[in-house]
Amino acid sequence: MTGKTTAYAERLSALLRERGMAPARAEELVAELTAYAAEAGSPLEEEFGPAGELADQLTRREGADAVDGPEDGPDTWVWTADALQEVELLARFGGQGWEAERLATEGWELFGTWGPFAYFKRPEAAVTGPAAQLSAPPPARPRRRVYSAPWILVTLAAAVAVAVATVLLAGSGAGLTDGASLAGALVGLTAGGLLGAWAWRKAARRHTG
């Protein structure tokens, strides 16, 4: 590093520590920013602005505890749940005091809700900085307005097939009291349910993988 870069990095590290960031985390961030500026071929101050303003932004984003603060447990907890449990778990953990307090400081904005779900967005630049700039923006908005998971369509198709089979059996006079007809309907319903469950699990694995 040049003398000017070293001075900026040292000042930034000191400012981060003064604002309550843990020394190890401060050094880690400064190293990442220095490497980014070196790769871009720009001085640190030219790339990120005055050290004081950058320190303010970084400490707000990190939400760091004071250096000498109590260490009675983690202040951040990342967890994963499937769509069948997430609402109940969010309510339970929220009742225990776990809050998503850092969303605003990290640039997240609420842009929509659906039932118990809330959807947030933030600019990619909040994470990757200048690298988020699109070199080739799409020429127009996507054509599709509705996106459905394959397992939903499979399950609906299976349900419709069972309903049609039931109506046909009733119209033919066989009814569901006939043993063979009842067995056939149950087999179709079971097969459709299993196929839908398989498609759902496959889509879930692909999403989380």
Side-chain angles (χ1 to χ4, degrees), residues 1-83 85-138 141 207-208:
M1 292 190 294
T2 64
K4 189 174 182 179
T5 298
T6 302
Y8 184 98
E10 291 176 351
R11 173 167 170 70
L12 177 60
S13 179
L15 290 172
L16 291 174
R17 293 194 301 271
E18 289 175 7
R19 285 158 173 75
M21 185 174 292
R25 179 57 178 159
E27 294 300 326
E28 180 183 5
L29 281 174
V30 171
E32 291 176 359
L33 295 173
T34 302
Y36 178 88
E39 185 176 349
S42 303
L44 275 169
E45 187 165 9
E46 179 180 323
E47 191 70 32
F48 299 107
E53 295 180 6
L54 179 59
D56 289 338
Q57 295 173 10
L58 292 173
T59 49
R60 282 198 302 267
R61 190 186 73 181
E62 291 288 311
D65 295 327
V67 174
D68 57 350
E71 297 183 359
D72 54 356
D75 63 303
T76 299
W77 175 37
V78 179
W79 55 281
T80 302
D82 59 48
Q85 304 181 77
E86 59 185 7
V87 175
E88 186 273 331
L89 290 173
L90 283 168
R92 182 199 307 175
F93 297 137
Q96 295 174 0
W98 292 96
E99 298 279 345
E101 296 173 352
R102 296 187 181 181
L103 290 177
T105 58
E106 293 183 353
W108 291 99
E109 300 178 17
L110 177 68
F111 76 95
T113 58
W114 184 78
F117 302 100
Y119 300 89
F120 293 82
K121 66 181 179 68
R122 70 174 174 180
E124 178 67 18
V127 180
T128 59
Q133 183 175 356
L134 296 178
S135 57
R141 70 181 63 181
H207 176 73
T208 57

side-chain contact (heavy atoms from CB on, under 4.5 Å) with Glu86: which residues, sequence neighbours excluded? Ala81, Ala83, Phe117
Interatomic spacing from CD in Glu53 to CG in Leu15 - rounded to 0.5 Å: 11.5 Å
Testing the basics here: between Arg19 and Thr59, what is the closest heavy-atom pair and its distance to 0.1 Å? CB-CG2, 3.5 Å
Across all chains, not counting sequence neighbours, the ring-ring contact (aromatic ring centres under 6.0 Å, His included) partners of Phe120 are none
All salt bridge (charged side-chain N to carboxylate O under 4.0 Å, His left out) counterparts of Glu28, not counting sequence neighbours: Arg25
Tell me every residue that passes side-chain contact (heavy atoms from CB on, under 4.5 Å) with Glu39, counting only those two or more places apart in sequence or in another chain. none
Say you draw a straight line from CG of Leu54 to CG of Leu16; how long is it, rounded to the nearest 0.5 Å? 7.0 Å
Partners of Glu27 by salt bridge (charged side-chain N to carboxylate O under 4.0 Å, His left out), sequence neighbours excluded? Arg17
Under the salt bridge (charged side-chain N to carboxylate O under 4.0 Å, His left out) definition, can you give me all pairs with a residue in residues 108-117, not counting sequence neighbours? Glu109-Lys121
Side chain Ser13, main chain Ala9, donor-acceptor under 3.5 Å: no
Identify the heavy atoms of Glu45 and Pro50 that sit nearest to each other, and give their distance. OE2-CA, 4.3 Å
Set of residues satisfying side-chain contact (heavy atoms from CB on, under 4.5 Å) with respect to Leu90, sequence neighbours excluded: Trp79
Side chain to side chain donor-acceptor pair (under 3.5 Å) against Gln85, all qualifying residues, sequence neighbours excluded: Asp82
Considering residues at least two apart in sequence or located in another chain, which fulfil the side chain to side chain donor-acceptor pair (under 3.5 Å) criterion with Glu88? Arg92
d(Leu12 CG, Leu44 CG) to nearest 0.5 Å is 8.0 Å
Can you tell me how far the OG1 atom of Thr113 sits from the OH atom of Tyr119, to the nearest 0.5 Å? 9.0 Å
Could you give all pairs that pass the ring pair (Phe, Tyr, Trp, His ring centres under 6.0 Å) test and reach residues 17-45, with sequence neighbours left out? Tyr36-Phe48
